[in-house]
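Step one of this worksheet: look at the structure below.
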Amino acid sequence: MQKTDSRAMELPSLWEEELKLIGPEKGVVHLATAAVLNAVWDLWAKQEGKPLWKLLVDMDPRTLVSCIDFRYITDVLTEEEACEILRQSQVGKKEREEQMLAHGYPAYTTSCAWLGYPDATLKQLCSEALKDGWTRFKVKVGADLQDDIRRCRLIRNMIGPEKTLMMDANQRWDVPEAVEWMTKLAEFKPLWIEEPTSPDDILGHAAISKALAPLGIGVATGEQCHNRVIFKQLLQAKALKFLQIDSCRLGSVNENLSVLLMAKKFEIPVCPHAGGVGLCELVQHLIIFDFISVSASLQDRMCEYVDHLHEHFKYPVLIREASYMPPKDPGYSTEMKEDSVKKHRYPDGEVWKKLLTAQGN
Ligand SMILES: C[C@H](O)[C@@H](O)CC(=O)C(=O)O
């Protein structure tokens with residue numbers, strides 16, 4: 001592969017007339033862009049012999065900024081401001097990198113309390129997680145209020161008052177319903193309610209944020225946020241207290257860099273979404289880079305962890321004492337095992353053959 005010039009990492013202008021009709025910068029077009037560019041960043045980091053987080057940490061501010069498309073966000077963040085943020089964060093960078101290598105990045109687990117788990121399962125998983133040293137837990141809510149009250153009480157009683165509990169509604173409610181429902185769950189002291197309403201409703205999130213602030217409950221969102229422009233407005237509208245980037249939803253590292261810098265400018269902590277296949281493997285790189293080179297803080301910051309499907313990756317995440325240990329292998333940790341790809345290839349892979357045969361019977 002030719003030596004990659006950083007300018008080559010600018011988001012390709014895919015928004016020519018044709019694509020603008022089915023996008024731009026959202027939906028399947030943007031997801032496809034992310035997939036292609038994530039692969040390019042993986043190759044670039046491999047070519048340099050570095051894990052992606054280290055490739056980014058070792059880049060000078062000008063080179064990092066050259067990878068960002070600032071269109072539509074210069075009203076809140078200019079190239080010069082971005083460079084200045086990165087320059088200021090040079091102070092203490094070496095010590096923060098050493099801190100990550102020694103202790104890792106703090107994580108929280110979503111794996112104990114998905115909707116639909118019977119109480120016995122929830123208790124068992126929570127008990128195991130506590131034994132493994134987890135101190136931050138997220139519970140899914142929004143299907144049935146009484147069920148939520150019972151499950152949240154169960155978890156809060158198991159983890160005690162000092163540990164951190166978050167809640168996630170996955171866009172279930174309208175705005176008034178979100179406020180009413182969360183007021184009834186406030187007794188369990190959640191740090192945040194995630195995706196309380198439609199991810200497109202910026203002003204709705206702002207209204208919920210304002211209404212829940214007196215209860216000490218923050219709003220978190222971002223996993224379904226189309227692009228940097230929506231994040232810009234969520235920040236401008238004070239619509240969130242916790243910003244949740246996703247490594248595959250936005251336009252790859254390039255666009256996530258712009259969002260990390262905007263979050264720093266608004267002093268909003270980034271707590272990445274990672275509840276999906278390979279999302280933990282990818283986003284750990286971005287948040288470790290964020291701590292070392294952008295935010296320089298762990299205050300109110302943590303990265304989501306879910307314990308499924310890591311066995312299909314060549315370089316799975318390493319969690320130690322409820323923290324992401326920085327990847328050491330070159331690349332963006334995106335590579336899946338050939339055997340897993342072969343088995344899951346549609347429609348002739350082993351897994352699909354079994355499913356399709358069972359369907360046919
Ligand atoms: C499985 C989906 O990514 C989503 O349900 C996960 C989620 O909301 C989260 O991890 O948070």
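Both counts, for ligands and for their atoms, begin at 1 and track the order of listing. Because the structure is a prediction, the values reported are computed rather than measured.
When hydrogens are left out, the protein atom nearest atom 10 (O) of ligand 1 is Glu304 OE2, 2.6 Å; that is the closest non-hydrogen contact. Ranking protein heavy atoms by distance to atom 4 (C) of ligand 1, first place goes to Glu223 OE2, 3.8 Å. Nearest protein heavy-atom contact of atom 2 (C) of ligand 1 is Gly275 O, 3.3 Å.
Close approach of ligand 1 to Glu194 (heavy-atom distance below 4.0 Å) involves ligand atoms 11 (O). Atoms of ligand 1 lying under 4.0 Å from at least one heavy atom of Asp168, given by number and element, are 7 (C), 8 (O), 9 (C), 11 (O).
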- Task: Run the numbers on Leu191 and Phe242 for side-chain contact (heavy atoms from CB on, under 4.5 Å), then give the verdict.
- Result: CA-CA 10 Å; Leu191 175 67; Phe242 302 91; 3.8 Å; yes

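In terms of polar-atom proximity, Asn170 is counted as a contact of ligand 1, with an N or O under 3.5 Å from an N or O of the ligand. Between Lys140 and ligand 1, an N or O atom pair is found at a separation short of 3.5 Å. Ligand 1 has no nitrogen or oxygen under 3.5 angstrom from a nitrogen or oxygen of Ala274. Where the criterion is an N or O separation shorter than 3.5 Å, residue side chain and backbone included, Glu195 fails it with respect to ligand 1.
Here the closest non-hydrogen pair linking Lys353 and Asp348 is CE-O, 3.5 Å.
Using a 4.5 Å cut-off on side-chain heavy atoms (C-beta onward), Tyr108 and Thr135 make no contact.
Heavy-atom distances between Lys138 and ligand 1 reach below 4.0 Å in at least one pair.
Taking the six-membered ring for Trp, His226 and Phe231 have ring centres at least 6.0 Å apart.
Under the 3.5 Å distance criterion, with hydrogens and angles disregarded, a donor-acceptor pair is assigned to the side chains of Thr110 and Glu304. No hydrogens or angles considered: a donor-acceptor pair under 3.5 Å links the side chains of Asn254 and Trp41. For the residue pair Ser333 and His285, a side-chain donor N or O sits within less than 3.5 Å of a side-chain acceptor on the partner.
Using a cutoff of 4.0 Å between basic side-chain nitrogens and carboxylate oxygens, Arg87 and Glu80 are scored as salt-bridged.
At a heavy-atom cutoff of 4.0 Å, ligand 1 is contacted by no atom of Leu279, backbone or side chain.
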